[in-house]
Amino acid sequence: QVQLVESGGGLVQAGGSLSLSCAASGRTFRIYTMAWFRQAPGKEREFVAAVKWNGGDTSAADSVKGRFTISSDNAKNTLYLQMNSLKPEDTAVYYCAARTSFYSAYTIPIRPPNYDYWGQGTQVTVSS
């Protein structure tokens, strides 16, 4: 079992910055990939960014490239998302997710069904 707990959400003005954290516990040695997803009211869950824990390879959605940076601290079993130049359309509940089985040596999974464990989510609201 893997438990994930997000923190760092809140209210920020457009153009501002916010940093999210996800603390993993339990059988964290099983983790291959960790990712951030977000979901706005009435919309499907959307991929934001992901990182492979073994090599640090990362991937990010086009909508956040150049603004958001994903990183991890394996020693602390913690995932981070640094969000800069925030826009009102970034408003959503942000979820941390983990995959505990091998997916691909070349491709990072970006679909919600590819992930086994999920946090409870943290609200990010960007005001204009």
Side-chain angles (χ1 to χ4, degrees):
Q1 294 290 324
V2 175
Q3 294 81 43
L4 305 173
V5 180
E6 303 97 334
S7 62
L11 175 64
V12 65
Q13 291 185 327
S17 298
L18 201 62
S19 181
L20 305 182
S21 298
C22 173
S25 60
R27 296 180 180 269
T28 57
F29 59 87
R30 297 173 57 194
I31 296 175
Y32 281 82
T33 308
M34 294 193 72
W36 290 99
F37 290 81
R38 65 187 183 186
Q39 188 167 23
K43 299 183 67 177
E44 294 185 343
R45 194 160 296 187
E46 175 190 24
F47 172 77
V48 176
V51 61
K52 289 185 176 181
W53 272 31
N54 63 341
D57 190 21
T58 63
S59 180
D62 290 340
S63 60
V64 305
K65 285 182 178 178
R67 299 189 299 121
F68 293 8
T69 301
I70 189 171
S71 62
S72 63
D73 187 334
N74 297 65
K76 296 181 179 179
N77 291 321
T78 303
L79 180 72
Y80 304 96
L81 184 68
Q82 178 63 48
M83 304 184 291
N84 299 323
S85 301
L86 284 162
K87 304 174 181 179
E89 50 263 44
D90 294 320
T91 296
V93 176
Y94 283 70
Y95 295 92
C96 176
R99 180 177 175 87
T100 58
S101 62
F102 179 78
Y103 179 79
S104 173
Y106 311 105
T107 305
I108 294 178
I110 62 172
R111 297 175 61 246
N114 296 145
Y115 290 84
D116 306 303
Y117 298 96
W118 296 83
Q120 80 289 346
T122 185
Q123 177 70 48
V124 172
T125 302
V126 184
S127 64
S128 59

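If you're wondering where the values come from, they're calculated on a predicted model, not measured in any experiment.
Trp36 and Phe68 fall within a single hydrophobic cluster, where Ile, Leu, Val, Met, Phe, Trp and Tyr side chains are chained together by heavy-atom contacts under 4.5 Å. Hydrophobic clustering places Val93 together with Tyr115 (ILVMFWY residues linked when any side-chain heavy atoms are closer than 4.5 Å, directly or through intermediates). Residues Ile110 and Leu81 do not share a hydrophobic cluster, clusters being chains of Ile/Leu/Val/Met/Phe/Trp/Tyr side chains in contact below 4.5 Å. Note on Tyr80: it does not cluster hydrophobically with Ile108, by side-chain heavy-atom contacts below 4.5 Å among ILVMFWY residues. Cluster membership check: Tyr95 does not share its hydrophobic cluster with Val48, using side-chain heavy-atom separations under 4.5 Å among Ile, Leu, Val, Met, Phe, Trp and Tyr.
Nearest heavy atoms, Ala98 versus Leu4: N-CD1, 3.7 Å. Residues Thr33 and Ala50 come closest through the heavy atom pair CG2-CB, 4.2 Å. Considering every non-hydrogen atom in both Leu79 and Ala35, the closest pair reads CD2-O, 3.9 Å. Here the closest heavy-atom approach between residue Ile31 and residue Ala24 is recorded as CD1-CB, 4.3 Å. Residue Gly10 comes nearest to Leu18 through the heavy atom pair N-CD2, 3.9 Å, listed as atom of the first residue, atom of the second, then distance. Looking at every heavy atom in both residues, Pro112 comes nearest to Trp118 through O-CZ2, 3.4 Å.
For the side-chain hydrogen bond (donor to acceptor under 3.5 Å, both in side chains) test, residues two or more places apart in sequence or in another chain that qualify with Gln39 are Arg45. Under the side chain to side chain contact (heavy atoms under 4.5 Å, CB included) criterion, Val12 pairs with Leu86, Val126, sequence neighbours left out. Considering only residues two or more places apart in sequence or on other chains, Arg30 meets the salt bridge (charged side-chain N to carboxylate O under 4.0 Å, His left out) condition with none of them.
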**Request:** Could you give me the CA-CA distance, side-chain angles and deciding distance for Gln120 and Glu6, then say whether side-chain contact (heavy atoms from CB on, under 4.5 Å) is met?
**Result:** CA-CA 7 Å; Gln120 80 289 346; Glu6 303 97 334; 3.0 Å; yes
**side-chain contact (heavy atoms from CB on, under 4.5 Å) assessment of Glu89 paired with Ser63** = CA-CA 10 Å; Glu89 50 263 44; Ser63 60; over 6 Å; no
**Request:** List the steps, then state whether side-chain contact (heavy atoms from CB on, under 4.5 Å) holds for Met34 with Cys22.
**Result:** CA-CA 10 Å; Met34 294 193 72; Cys22 173; 4.0 Å; yes
**Item:** Trace of the side-chain contact (heavy atoms from CB on, under 4.5 Å) decision for Arg38 with Asp90
**Value:** CA-CA 9 Å; Arg38 65 187 183 186; Asp90 294 320; 2.9 Å; yes
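The aromatic rings of Phe47 and Phe37 stand perpendicular to each other, their planes meeting at an angle above 60°, with 30° marking the opposite boundary.
Residue Glu44 places its CD atom among 12 or fewer non-hydrogen atoms of other residues, nucleotides or ligands, all under 6.0 Å distant.
Put simply, the side chain of Thr28 never gets that close to the backbone of Ser25: no donor and acceptor are under 3.5 Å apart. A side-chain donor-acceptor contact under 3.5 Å links Asn74 to the backbone of Trp53. For the pair Asn114 (side chain) and Pro109 (backbone), a donor-acceptor distance under 3.5 Å is absent.
A salt bridge is defined here as a Lys NZ or Arg NE, NH1 or NH2 lying under 4.0 Å from an Asp or Glu carboxylate O, and Asp62 with Lys65 meets this definition.
Inter-residue side-chain proximity for Gln3 and Val5 is flagged as unmet; no heavy-atom pair is nearer than 4.5 Å.
Rounded to the nearest 0.5 angstrom, Ser19 OG and Met83 CE are separated by 7.5 Å. Between Gln123 atom CD and Leu11 atom CG the span is 9.5 Å, to the nearest 0.5 Å. Rounding to the nearest 0.5 Å places CZ of Arg99 at 6.0 Å from CG of Asp116.
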